[in-house]
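Working notes, beginning with the structure itself.
What you see below is based on every heavy atom in this structure, not just the backbone, and it leaves out hydrogens, waters and symmetry mates.
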Amino acid sequence: MAFERPLTIKEVITDIHRKKYLLPAIQREYEWNKEQVETLFDSLLRGYPVGAFLFWYVNKENINKFKFYEFLRDYHERDNTHNIEADINGEEDVVAILDGQQRLTSLYIGLKGTYAYKLPRKRKESDSSYPKRDLYLNLLKESEDYDMTYEFKFLTEKEASERSEDTYWFRVGEILNFKEQYEINDYLLENELNIVEKEKARFANKTLFRLHNAIHETQCINYYLEKSQELDKVLNIFIRVNSGGTKLSYSDLLLSIATAQWKERDARKTITFFVDELNNIGDGFEFNKDFVLKTCLVLCDFNDIAFKVDNFDSYTMEKIQQEWESIAQAIRLAVKLVASFGFNYKTLTANYVVIPIAYYFYKKESTSNFVESYRYIEERKDIQHFTTIALLKRIFGGQPDNVLKPIREIIKNNLTAFPYDVLKQSLKVTNKTLKFTEEEVEDLLWTKYGTRYTFSVLSLLYPNLDYKNVFHQDHIFPRSLLKSSNKLRKEGVGQEVIDYCVENYDYIGNLQLIEGVPNQEKSNKKFDKWLELICLNEQDKEEYRNKHLIPNVELSVDNFEVFLTERENLIREKLLNLLVQ
């Protein structure tokens, strides 16, 4: 294997567009962000090398042995992140990209495609949050970024049309239309870039010529061409060349092997779309292909559940394929159940906590109504306790395989009902256990608003909430008041009390879970006034106090320290009874 004649970017982009270059199933999907693309084009204009590439020549006689995908052409952060399967007629040889897919896709998107990413603080579900953007180059001045010379940006057509003394945005893809260099001068004249300030005119001329040279003339695509038709050899090469750069996850490689080995379904499409389905359950999650493949290994009772190529041989993949429907149903049910506990992508701090639940459902062949049926209410409570406590104890941190295997054995041997009590008593892997000490309970009282574990702690205090409704983490004594020295001072509160309020308003002792609408109505109201508003009589107040562990003390702002101390005592007592046995 040796270097072939180097190619120009124009040649490569043309062949990608003609679908002469494809992606083998062993490739991961496109992962570069817009800044990486902009930096790549800056490197091209500065004459920096863009690295070597590895291509794989596949004879037409062998094409049907593998799966190939097209390059991503128009990236959309929400709607178009997956490569589509290539429609190959088998009449021509193809060239597959083993190393360089991210760079080549970025070049293609910058020159012939688009990049749509979500605008900040915009709703995910709104189409207008993802405007289509082309790559543009400012022809009038250098970039202000310290590590960039040229100012490349993905812009909408409207943004690019806005001109100033220092900006003229040139759509980078137009350079493909300039076959001869004299056409650059024609462009500069037609757009009056020759009559701007002398230095800016010179910069525009120089920049556009550099871009033309980088795309049309410089043979910067240096590549090896591998001609072996043996998948094992190609996989081995692929693993080695992808050890650097944007890290190749094991799931990408293992999923690629599955794609090559599954006969009855497309593994890549099946698992990729399944991940999307899981992430749309409830308020949304952030599961990935690693999670799904790891769960497959656990549920199929393979002894070694590590991410190793040897663990995804033909026997393993065949069993996973045969069991896929049952595996998918178990995972789907487990995620729906965890969502019903109120968890989402913000609060589920370890995705692997779902795997033991899925294993239990897989072994029990649980019905799809497990989440709703009154028949399973006690089991749901046990699974909820397991989920919450496993997250708070962080038992899946570090080396989760060492925890998943013993949990699997305990569940396998106790399938009458979900064995939470057995897990709590028996599970002990190094320093990982589901048991709490009094000191650890004390540490939970230091949990603050907005941290990753706040919801888990609060959910222990509210075991009977119906999370079909939206619940907010609410400051009992309003945060807007307690964090403001000026507002507290206007309330006539002394400096010592002010200091205490400012330092302690965010701790768990001042937090409660209430439904979204009442929380909005409560807003910045003082708690004693709010309680009078929503509780019509003393019985209502007593019920509210019991539900939210509100101590029977004066609820004025200047008594906040007493309130917080007494409420922490009530929380401590409840957590000790629940966790320390």
Side-chain angles (χ1 to χ4, degrees), residues 342 438-451 453-465 469-580:
E438 292 186 11
E439 292 79 9
E440 288 173 321
V441 169
E442 197 67 31
D443 288 340
L444 294 180
L445 296 176
W446 292 93
T447 304
K448 298 185 75 172
Y449 173 80
T451 63
Y453 295 93
T454 308
F455 174 79
S456 293
V457 177
L458 286 172
S459 68
L460 292 174
L461 307 180
Y462 295 86
N464 299 315
L465 292 184
N469 302 316
V470 176
F471 286 87
H472 293 177
Q473 297 176 25
D474 171 64
H475 288 80
I476 299 174
F477 281 62
R479 186 171 185 251
S480 61
L481 174 61
L482 295 191
K483 72 176 184 177
S484 172
S485 298
N486 290 335
K487 290 182 180 180
L488 289 169
R489 198 169 288 114
K490 288 179 181 179
E491 295 289 328
V493 176
Q495 189 59 47
E496 187 175 340
V497 175
I498 291 175
D499 292 341
Y500 185 86
C501 290
V502 171
E503 291 176 5
N504 294 281
Y505 67 86
D506 253 353
Y507 287 113
I508 201 78
N510 189 38
L511 302 179
Q512 62 180 348
L513 286 178
I514 62 174
E515 289 190 47
V517 173
N519 184 44
Q520 292 171 356
E521 294 174 347
K522 179 175 180 286
S523 186
N524 297 320
K525 292 182 177 67
K526 296 176 184 177
F527 183 60
D528 51 352
K529 305 298 183 185
W530 163 252
L531 205 58
E532 293 291 337
L533 186 64
I534 64 168
C535 297
L536 302 179
N537 51 53
E538 288 302 318
Q539 182 178 346
D540 288 347
K541 287 183 181 178
E542 186 65 23
E543 290 178 358
Y544 191 98
R545 288 178 185 273
N546 290 336
K547 179 180 179 180
H548 296 279
L549 300 177
I550 305 298
N552 191 17
V553 299
E554 185 183 347
L555 299 176
S556 60
V557 176
D558 57 1
N559 201 43
F560 177 67
E561 182 173 359
V562 174
F563 164 82
L564 191 65
T565 301
E566 291 302 315
R567 188 162 190 262
E568 285 179 344
N569 288 337
L570 294 175
I571 293 173
R572 181 185 293 107
E573 181 181 358
K574 183 160 187 172
L575 293 178
L576 286 172
N577 289 334
L578 182 64
L579 302 177
V580 182

Looking only at heavy atoms, which two atoms of Leu461 and Lys574 are closest? And how far apart?
O-NZ, 3.1 Å

Could you check whether any side-chain heavy atom of Val497 comes within less than 4.5 Å of a side-chain heavy atom of Glu561, counting everything from C-beta outward?
no

Looking at Gln495, I want to see if its CD is surrounded by more than 12 non-hydrogen atoms of other residues, nucleotides or ligands under 6.0 Å.
yes

List the steps and the verdict of side-chain contact (heavy atoms from CB on, under 4.5 Å) for Asp558 and Glu491.
CA-CA 9 Å; Asp558 57 1; Glu491 295 289 328; over 6 Å; no

Ignoring hydrogens and geometry, is there a side-chain-to-backbone donor-acceptor pair from Asn510 to Tyr505 under 3.5 Å?
yes

Can you name the one residue among Phe527, Tyr507, Phe477 that meets ring pair (Phe, Tyr, Trp, His ring centres under 6.0 Å) with Phe560?
Phe477

Look at atom NZ of Lys547 and say whether more than 12 heavy atoms of other residues, nucleotides or ligands are closer to it than 6.0 Å.
no

Would you compute the distance between atom CG of Leu511 and atom NE2 of His475 and round it to the nearest 0.5 angstrom?
5.0 Å

So how far is it from His548 NE2 to Leu531 CG, rounded to the nearest 0.5 Å?
9.5 Å

Is the closest side-chain donor-acceptor distance between Thr451 and Thr454 under 3.5 Å?
yes

Return yes if some donor-acceptor pair links the side-chain N/O of Arg567 with the main-chain N/O of Leu549 below 3.5 Å, else return no.
yes

With side-chain contact (heavy atoms from CB on, under 4.5 Å) as the criterion, how do Leu575 and Leu460 come out once you've worked through the C-alpha distance, each side chain's angles and the decisive distance to 0.1 Å?
CA-CA 8 Å; Leu575 293 178; Leu460 292 174; 4.0 Å; yes

Looking at side-chain heavy atoms only, is the closest gap between Phe471 and Leu458 below 4.5 Å?
no

Measure the spacing between CD of Gln473 and CD of Gln512 and express it to the nearest 0.5 Å.
11.5 Å

Between Glu554 and Val562, does the side-chain contact (heavy atoms from CB on, under 4.5 Å) criterion hold? Intermediate values first, please.
CA-CA 8 Å; Glu554 185 183 347; Val562 174; over 6 Å; no

Gap between atom CG of Leu536 and atom NZ of Lys541 - 0.5 Å precision:
10.0 Å

Under 3.5 Å, is there a donor-acceptor pair between the side chain of Asn559 and the main chain of Leu555?
no

Separation between CD (Glu566) and CG (Leu570), nearest 0.5 Å, reads 7.0 Å

May I ask you to say whether Glu532 pairs ionically with Lys529, meaning some side-chain N is under 4.0 Å from a carboxylate O?
no

Please check if atom CD in Glu440 has more than 12 non-hydrogen atoms from other residues, nucleotides or ligands closer than 6.0 Å.
yes

All heavy atoms of Ser459 vs all of Ser456, minimum pair found to be OG-O, 2.7 Å

Of all the heavy-atom pairs spanning Phe563 and Gly509, show the shortest one and how long it is.
CE2-O, 3.9 Å

For the side chain of Lys526 and the backbone of Val557, is there at least one donor-acceptor N/O pair under 3.5 Å apart?
no

Of all the heavy-atom pairs spanning Ile508 and Leu445, show the shortest one and how long it is.
CG2-O, 3.5 Å

Going from CZ on Arg479 to CG on Asp506, what distance comes out if it is rounded to the nearest 0.5 angstrom?
5.0 Å

